[in-house]
There are 2 protein chains.
Amino acid sequence: MPRTSKKGPLYTTIYSQLRSEIFKGAFLPGEMLPSESQLCSEFQASRETVRKGLKELESEELIYSRPKIGYFVSTPRHSDFTVNFTEYIEGCTTQYKNIHGIFPDEQVQKALDIPPNQVVIEFEQLTINPEGAIIAYSKKYLPYERAHPSVESELNYAVFPEITMPKLDTFSLYTSIRISAVAADDSLAEIMQCSPGEPLLLVERFFIQQDEQLAGYALFYVKQPYGQLNGMSGHRL
Amino acid sequence: MPRTSKKGPLYTTIYSQLRSEIFKGAFLPGEMLPSESQLCSEFQASRETVRKGLKELESEELIYSRPKIGYFVSTPRHSDFTVNFTEYIEGCTTQYKNIHGIFPDEQVQKALDIPPNQVVIEFEQLTINPEGAIIAYSKKYLPYERAHPSVESELNYAVFPEITMPKLDTFSLYTSIRISAVAADDSLAEIMQCSPGEPLLLVERFFIQQDEQLAGYALFYVKQPYGQLNGMSGHRL
DNA sequence: GAGTGGTCTAGACCACATG
DNA sequence: ATGTGGTCTAGACCACTCT
């Protein structure tokens, strides 16, 4: 006999029905679900409709399919987290400190994989909280190219993505991130107006083109407890 | 005339064909793709097959559909990162320092949302690198329940997930993470054999049940540059 | 009214698993 | 030999948008 149905498209009710049964524990991780044809009978649906519901569960990674065998409930992974990072911090303002061309130091050479004599554009930025205290310091590096418009004069108020994007196919870009903790050195302490040795969260980003060329390198230092990163793993809802 | 095809299922070639055209810039973000029926002609495929290819692109978030209007190329988001975190660190070993029941301090009370008089099980663990140096220190807290077997005696060699899992519906659990930087205080410095004030990366995890009940709280302190977190955003491949 | 995507069906053929 | 999932088709109806 058909299971109780709810609303909306049929494949959606199949999806959510199975989903809730999985969460209720009716099917445990590793167990096999009923076959497609059994589900067809149970839901009075065609095979493609059933498959559509199963596909949803599959792309949610709640189940997986072993071809020619059946569908199985996944064992949850709690090691991959989705983390949101933007430089924007609630209630804070941002101001440019400096924009100019420089010869890269060793760290930047390594990050962008360029020789010491290739000019890079350096963007320095400060984030200031409502009380006027500096809470974050950001440095970004962009390899300089002749084709690029005169950055210093034109782009003082542009933000990094708006500068890098135009010269790239928008989709040729992905970003790699590295998160670490550092102690403020004397130079950082002066810029950020804190004590040398104060622990800072450091978020580095590498902007990468389709051809694996590095299009930009960004460092973001933030005083604690500001700018802590949050994320989720597993199945929400 | 049909576009050049490659191999495998038809919907896969539709998918990868469109995908590569998007990456090549043939369709820019915000632009509309050819309609389903146009794609049917171009690929000599049925509508459902074309839709299957489009669905792949959609779940990859490369395109989105505006119902009754058409499919559009997405504007990439570079703010959501997929970060992998496990306590395991390449080449290092792990050893238990302590497992026992305690009354929670304020931090743990807050994290687990429990009263001061509810016993929690505390697990302490050290990670040691090949040279024998302590590089990470982990603390985990689990609300104690009568139903639970005698933890101290039985579970000395079990790992945290294996302890928490059995008493939960496996899927009733998701994990929330918080990443920050801290300076080692005197107590941490002694445990981790480092100088007070040394910057440490702190990864906190909250294990959450389906009913929003907190099933566990974990802290992971790691010396730098060990255990830095890495992630990706955007479209790989 | 013509075109669009969203849903659904009832078939079909295939390659592979298991007994 | 039977059952499974993987692919594919040729229709169908709907609700909506655009003009």
Side-chain angles (χ1 to χ4, degrees), chain A residues 1-19 21-22 27-75, chain B residues 1-19 21-22 27-75:
Chain A
M1 89 185 57
R3 313 189 190 193
T4 63
S5 67
K6 303 283 171 177
K7 58 194 170 204
L10 220 194
Y11 78 85
T12 296
T13 81
I14 295 174
Y15 157 80
S16 52
Q17 195 88 44
L18 289 175
R19 183 182 152 95
E21 288 187 31
I22 290 172
F27 304 109
L28 295 177
E31 279 187 19
M32 200 189 286
L33 294 179
S35 74
E36 292 179 353
S37 62
Q38 284 170 29
L39 293 171
C40 287
S41 318
E42 292 186 25
F43 289 103
Q44 292 297 320
S46 74
R47 195 167 154 229
E48 286 294 352
T49 302
V50 166
R51 284 176 63 77
K52 211 164 178 178
L54 292 168
K55 187 69 188 301
E56 299 276 302
L57 293 168
E58 206 175 355
S59 54
E60 202 174 317
E61 293 189 321
L62 248 174
I63 68 173
Y64 62 96
S65 122
R66 286 169 56 183
K68 331 299 171 57
I69 301 181
Y71 290 87
F72 295 80
V73 179
S74 306
T75 304
Chain B
M1 91 184 58
R3 313 190 191 195
T4 64
S5 68
K6 305 281 173 182
K7 59 197 170 205
L10 221 195
Y11 77 85
T12 295
T13 81
I14 295 175
Y15 157 80
S16 51
Q17 195 89 44
L18 289 174
R19 183 182 151 96
E21 288 186 32
I22 290 171
F27 304 111
L28 296 177
E31 281 188 18
M32 200 190 287
L33 294 180
S35 75
E36 291 180 354
S37 63
Q38 283 170 30
L39 293 172
C40 288
S41 318
E42 293 186 25
F43 288 103
Q44 293 295 322
S46 75
R47 197 170 151 224
E48 285 294 352
T49 302
V50 165
R51 284 176 63 78
K52 212 164 178 178
L54 291 167
K55 188 69 187 303
E56 297 277 301
L57 292 168
E58 206 175 354
S59 55
E60 202 174 316
E61 292 188 323
L62 247 174
I63 68 174
Y64 61 98
S65 118
R66 286 167 59 183
K68 330 299 170 58
I69 301 182
Y71 290 88
F72 295 81
V73 178
S74 306
T75 304

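Order of the sequence lines fixes the chain letters, A, B, ..., with proteins taken first and strands second; residue numbering starts at 1 for each chain.
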List the atom of [X], the atom of [Y], and the distance in Å for their closest heavy-atom pair.
X: A:Gly8; Y: A:Thr13; value: O-CG2, 4.3 Å
X: A:Pro29; Y: A:Thr75; value: CB-OG1, 4.1 Å
X: B:Gly30; Y: B:Phe72; value: O-CD2, 3.3 Å
X: B:Glu58; Y: B:Tyr64; value: CG-CA, 4.2 Å
X: A:Glu36; Y: A:Val50; value: O-CG1, 4.1 Å

Quiz item: Restricting to pairs with a member in residues 66-75 of chain B, which pass salt bridge (charged side-chain N to carboxylate O under 4.0 Å, His left out), not counting sequence neighbours?
Solution: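 Pairs touching residues 66-75 of chain B that pass the test: none.
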Self-check item: Set of residues satisfying side-chain contact (heavy atoms from CB on, under 4.5 Å) with respect to B:Ser35, sequence neighbours excluded
Solution: B:Ser37, B:Gln38
Practice problem: Quick one: list whatever passes side-chain contact (heavy atoms from CB on, under 4.5 Å) with A:Thr49, sequence neighbours left out. | Solution: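 Per chain and number, A:Thr49 pairs via side-chain contact (heavy atoms from CB on, under 4.5 Å) with A:Leu10, A:Tyr11, A:Ile14, A:Ala45, A:Ser46.
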Exercise. Could you pull out all residues at least two apart from A:Lys55 that satisfy salt bridge (Lys or Arg N to Asp or Glu O under 4.0 Å)?
Key: B:Glu56
Whole angstroms only, please: what is the [atom1]-[atom2] distance between [X] and [N]?
X: B:Arg51; N: C:dT7; atom1: CZ; atom2: P; value: 7 Å
X: A:Glu56; N: C:dC8; atom1: CD; atom2: P; value: 11 Å
X: B:Met32; N: C:dG5; atom1: CE; atom2: C1'; value: 11 Å
X: B:Phe72; N: C:dT4; atom1: CZ; atom2: P; value: 12 Å
X: A:Lys52; N: D:dT7; atom1: NZ; atom2: P; value: 16 Å
X: B:Gln44; N: D:dT7; atom1: CD; atom2: P; value: 20 Å
X: A:Leu33; N: D:dG5; atom1: CG; atom2: C1'; value: 13 Å
X: A:Lys55; N: C:dT7; atom1: NZ; atom2: C1'; value: 16 Å

Quiz prompt | Nearest to side-chain heavy atoms of B:Ala45, which nucleotide of D:dG5, C:dG6, D:dT9 | solution = D:dT9
If you compare every side-chain N and O of [X] against the phosphate oxygens of [N] (OP1, OP2), does one of them come in below 4.0 Å?
X: A:Ser46; N: C:dG11; answer: no
X: A:Tyr11; N: C:dT7; answer: yes
X: B:Ser37; N: C:dT4; answer: yes
X: B:Ser35; N: C:dT4; answer: yes
X: B:Tyr71; N: C:dG6; answer: yes
X: B:Thr49; N: D:dT7; answer: no

Quiz item: Between which residue ranges does DNA chain D form stems of three or more consecutive Watson-Crick or G-U wobble pairs, both distances under 3.5 Å?
Solution: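 Paired runs of 3+ in DNA chain D: C:1-16 with D:3-18.
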Could you run down the sub-3.5 Å N/O contacts of the protein with nucleotides 12-18 of chain D?
{"from": "D:dA12", "atom 1": "N6", "to": "B:Arg47", "atom 2": "NH1", "distance (Å)": "3.2"}
{"from": "D:dC16", "atom 1": "O4'", "to": "B:Lys68", "atom 2": "NZ", "distance (Å)": "3.2"}

Practice problem: Take B:Leu18 and B:Leu54 through the side chain to side chain contact (heavy atoms under 4.5 Å, CB included) test and state the conclusion after the steps. | Solution: CA-CA 9 Å; B:Leu18 289 174; B:Leu54 291 167; 3.8 Å; yes
